[in-house]
Amino acid sequence: MFPMVFLKIADRILYQLLANSCYGAAMKVKDYGFFWKNSSLKSLSQSSIFPCVSKCSLDNRSSHTLVCDFHRTLLRSQSFVPYFMLVAFEGGSIFRAFLLLLACPLLWVLDYELKLRVMVFISFCGLRLTDMESVARAVLPKFYLENLNFLTYQVLASTGKKIVFTSIPRVMVEGFLKEYLSVDEVIGTELHTFSNYFTGLFSQSGMLVKHKALKEYFGEKLPDIGLGGPGFHDHHFISLCKEAYVVNKEEYGKSSAIMKSTILPREKYPKPLVFHDGRLAFLPTPLATLSMFMWFPLGTILALFRLTVGIFLPYNLALLLGTYSGVRVGLKVCISQEGPNSTKKQKHVLYVCSHRTLLDPVFLSTVLKKPLTAVTYSLSKMSEFIAPIKTVRLTRDRSQDGETMQKLLREGDLVVCPEGTTCREPYLLRFSSLFAELADEIVPVALNTHVSMFYGTTASGLKCLDPVFFLMNPTPIYQVHVLGKVPKYLTCACGKSSCEVANFIQRQLADALGFECTTLTRRDKYLMLAGNEGVVQQKKDNKRRKNPS
């Protein structure tokens with residue numbers, strides 16, 4: 001049996017991969033040269049018999065049924081390579097992403113179906129179903145929202161029933177479409193699985209053909225509106241609808257105003273993007289991914305240098321060398337008449353910070369040039385070992401944690417992040433009110449960060465690597481704004497409740513940062529991004545209590 005199977009596989013590879021692909025590449029070159037010489041024919045080939053989506057009326061559409069594609073219609077970008085790269089990098093590993101990058105030159109000469117098969121195999125072969133679910137839930141929605149076409153989204157939102165047909169694997173798009181765009185049905189290419197893993201192959205039905213799937217779904221009934229791209233297959237697809245519109249990129253290019261109108265502003269998002277996960281802070285196009293891999297070795301060395309400088313050197317020298325290495329630190333201090341540097345004797349200060357990365361207390365201690373103690377709910381042993389300041393773990397037992405923090409305040413200045421977890425987006429999570437019960441010398445600190453390549457936070461990865469990834473960025477930025485001390489009449493010492501104090505400081509920090517306050521908590525974040533409540537350490541403690549030996 002083996003020789004026969006081997007011959008069949010060899011025949012398919014030689015015919016499909018080499019013969020068809022070489023022929024396709026030759027035709028691409030031929031067509032490119034022909035149209036280059038005949039520009040009038042080129043413009044004619046790009047014209048469409050269907051009107052542009054900007055011509056579609058939005059009035060009285062609530063009873064209409066809309067069908068459309070995803071990557072060629074709802075997204076501004078026509079390429080879906082970056083989204084497969086996100087699956088390969090965030091769901092798989094850096095080696096899988098590198099293999100997909102190496103395959104990019106080959107993808108250019110392949111036809112559409114073969115290109116999709118190659119990307120699916122590299123990105124999904126051996127990938128666990130749970131890892132793909134995590135990427136679809138926590139990583140992809142951010143990049144989809146940022147690339148959403150505002151014009152097509154308006155048409156989609158104005159209709160009643162929404163159905164998306166796409167040849168892209170359904171698992172990559174279904175969660176986003178149903179959660180953020182309220183799509184009723186997603187019909188896409190199905191992938192073959194074995195046990196809890198993807199095989200990297202299509203299911204028996206093969207790649208979804210949109211116009212055939214539409215006929216099977218609707219039968220004799222025609223959908224009201226169809227949206228598609230300028231290609232022939234999309235024209236065939238939307239021709240089966242009562243009204244048809246195309247998303248024509250060339251037409252957008254004629255007018256910068258129309259081009260800008262396709263960008264969806266954050267305030268227009270169908271659902272606020274508060275939480276997302278993953279290490280990559282950029283859309284991994286092939287060129288951008290190549291730049292990342294070229295930077296990675298140097299970035300690793302640079303991160304280790306910056307860590308060493310921050311741990312072992314004095315504040316002034318650490319700031320100087322850190323700045324020379326590309327770290328940008330901005331400090332703004334607003335000291336009230338009763339501020340921490342007042343001439344009269346003061347108690348130890350409780351610094352209340354917004355939470356962006358694990359390095360928040362370290363940067364605050366460095367820019368203030370004085371030792372601080374930081375309290376945290378969860379910190380890896382590695383992070384605790386290399387921290388240049390004193391760190392103390394809390395237990396999530398309110399009375400016990402209160403006693404611990406009061407003891408630390410009697411010994412020196414203390415830093416607390418009452419959100420309980422980091423948040424990347426311009427939002428502040430609900431503040432725990434425990435800190436307000438412990439001190440009346442409270443100084444809010446508005447912290448913000450900016451990165452260009454890697455995020456220094458994660459909900460499902462190794463948290464001990466968070467500082468390393470943040471410092472691997474070419475020019476990571478930390479902005480520290482020390483606000484004036486909270487007036488005593490606004491603290492618990494003068495009759496305010498702890499919740500009132502916590503809410504007041506949350507609003508004060510949000511105003512300083514230009515962020516929005518929310519009532520979301522640490523538990524909400526981990527349930528969405530990691531599928532758990534983020535209390536692994538508590539589980540370990542429970543086991544220790546049951547087995548004290």
Side-chain angles (χ1 to χ4, degrees), residues 4-25 27 67-75 78-81 83-85 87-88 91-92 96 100 103 106-129 132-133 135-136 140 163-177 183 185-219 223 226 228-229 231-240:
M4 295 301 298
V5 172
F6 179 78
L7 288 174
K8 287 183 179 180
I9 294 176
D11 176 71
R12 183 172 181 81
I13 292 176
L14 289 173
Y15 176 73
Q16 293 287 348
L17 189 61
L18 297 181
N20 281 356
S21 299
C22 290
Y23 175 76
M27 292 303 296
V67 298
C68 66
D69 195 1
F70 184 61
H71 281 85
R72 295 180 181 273
T73 306
L74 289 176
L75 299 186
Q78 298 295 310
S79 173
F80 44 74
V81 176
Y83 306 101
F84 279 96
M85 189 66 73
V87 173
R96 188 189 292 265
L100 182 58
L106 174 66
L107 297 178
W108 187 82
V109 302
L110 299 180
D111 61 25
Y112 182 80
E113 181 175 354
L114 274 176
K115 181 189 299 184
L116 193 59
R117 287 183 180 273
V118 170
M119 287 193 293
V120 165
F121 184 80
I122 295 175
S123 303
F124 283 89
C125 182
L127 187 68
R128 292 185 301 181
L129 270 65
M132 181 59 226
E133 291 172 1
V135 172
L140 291 174
I163 304 171
V164 174
F165 294 83
T166 179
S167 54
I168 302 302
R170 181 179 55 84
V171 293
M172 290 180 61
V173 300
E174 184 176 35
F176 167 75
L177 290 171
V183 171
E185 191 87 29
V186 180
I187 302 173
T189 299
E190 300 293 340
L191 300 183
H192 182 264
T193 60
F194 178 78
S195 184
N196 293 320
Y197 295 86
F198 290 99
T199 61
L201 304 174
F202 291 169
S203 64
Q204 292 183 353
S205 58
M207 188 182 77
L208 180 116
V209 180
K210 289 178 292 187
H211 66 275
K212 290 182 179 179
L214 188 146
K215 286 182 178 179
E216 292 176 1
Y217 186 87
F218 285 96
F232 168 77
H233 293 290
D234 280 16
H235 282 198
H236 192 186
F237 168 64
I238 61 178
S239 66
L240 303 175

If we ignore hydrogens and angles and just use 3.5 Å, is the side chain of [X] paired with the main-chain N or O of [Y] as donor and acceptor?
X	Y	value
R128	N196	no
T189	L208	yes
R96	C125	yes

Measure the shortest side-chain to side-chain distance between [X] and [Y] over non-hydrogen atoms and say whether it is less than 4.5 angstrom.
X	Y	result
F237	V209	no
M207	Y112	yes
V67	V164	no
L127	V87	yes
T166	I187	no
L214	P223	yes
M172	F70	no
I163	V183	no

query: Hey, what's the ring geometry for F218 with F165, parallel, tilted or perpendicular (30° and 60° as the breaks)?
result: tilted
- line: Residue pairs meeting salt bridge (charged side-chain N to carboxylate O under 4.0 Å, His left out), one or both in residues 203-213, sequence neighbours left out, come to D69-K210, K210-D234
Taking all non-hydrogen atoms of both residues, which atom of [X] and which atom of [Y] are closest, and how far apart?
X	Y	value
G228	I238	N-CG2, 3.7 Å
L240	H211	CD1-O, 3.8 Å
G229	T73	N-OG1, 3.9 Å

From [atom1] ([X]) to [atom2] ([Y]), nearest 0.5 Å:
X	Y	atom1	atom2	answer
L100	F121	CG	CZ	12.5 Å
R72	I168	CZ	CD1	8.0 Å
K115	W108	NZ	CH2	9.5 Å

query: Stepwise, does the side chain to side chain contact (heavy atoms under 4.5 Å, CB included) test hold for M132 with L140?
result: CA-CA 10 Å; M132 181 59 226; L140 291 174; 4.2 Å; yes
Review item, side-chain donor-acceptor pairs of residues 197-204, under 3.5 Å, at least two apart:
residue	atom	partner	partner atom	Å
T199	OG1	H192	O	3.2
T199	OG1	H192	ND1	3.1
T199	OG1	L201	N	3.4
S203	OG	E190	O	3.3
S203	OG	S205	OG	3.0

message: Working note: L116 + F84, criterion side chain to side chain contact (heavy atoms under 4.5 Å, CB included); need CA distance, chi angles, decisive distance, verdict.
response: CA-CA 10 Å; L116 193 59; F84 279 96; 3.7 Å; yes
message: Please determine whether ring pair (Phe, Tyr, Trp, His ring centres under 6.0 Å) holds for the pair H71 and Y83, giving the CA-CA distance in whole Å, both sets of side-chain angles, and the decisive distance to 0.1 Å.
response: CA-CA 10 Å; H71 281 85; Y83 306 101; 5.2 Å; yes
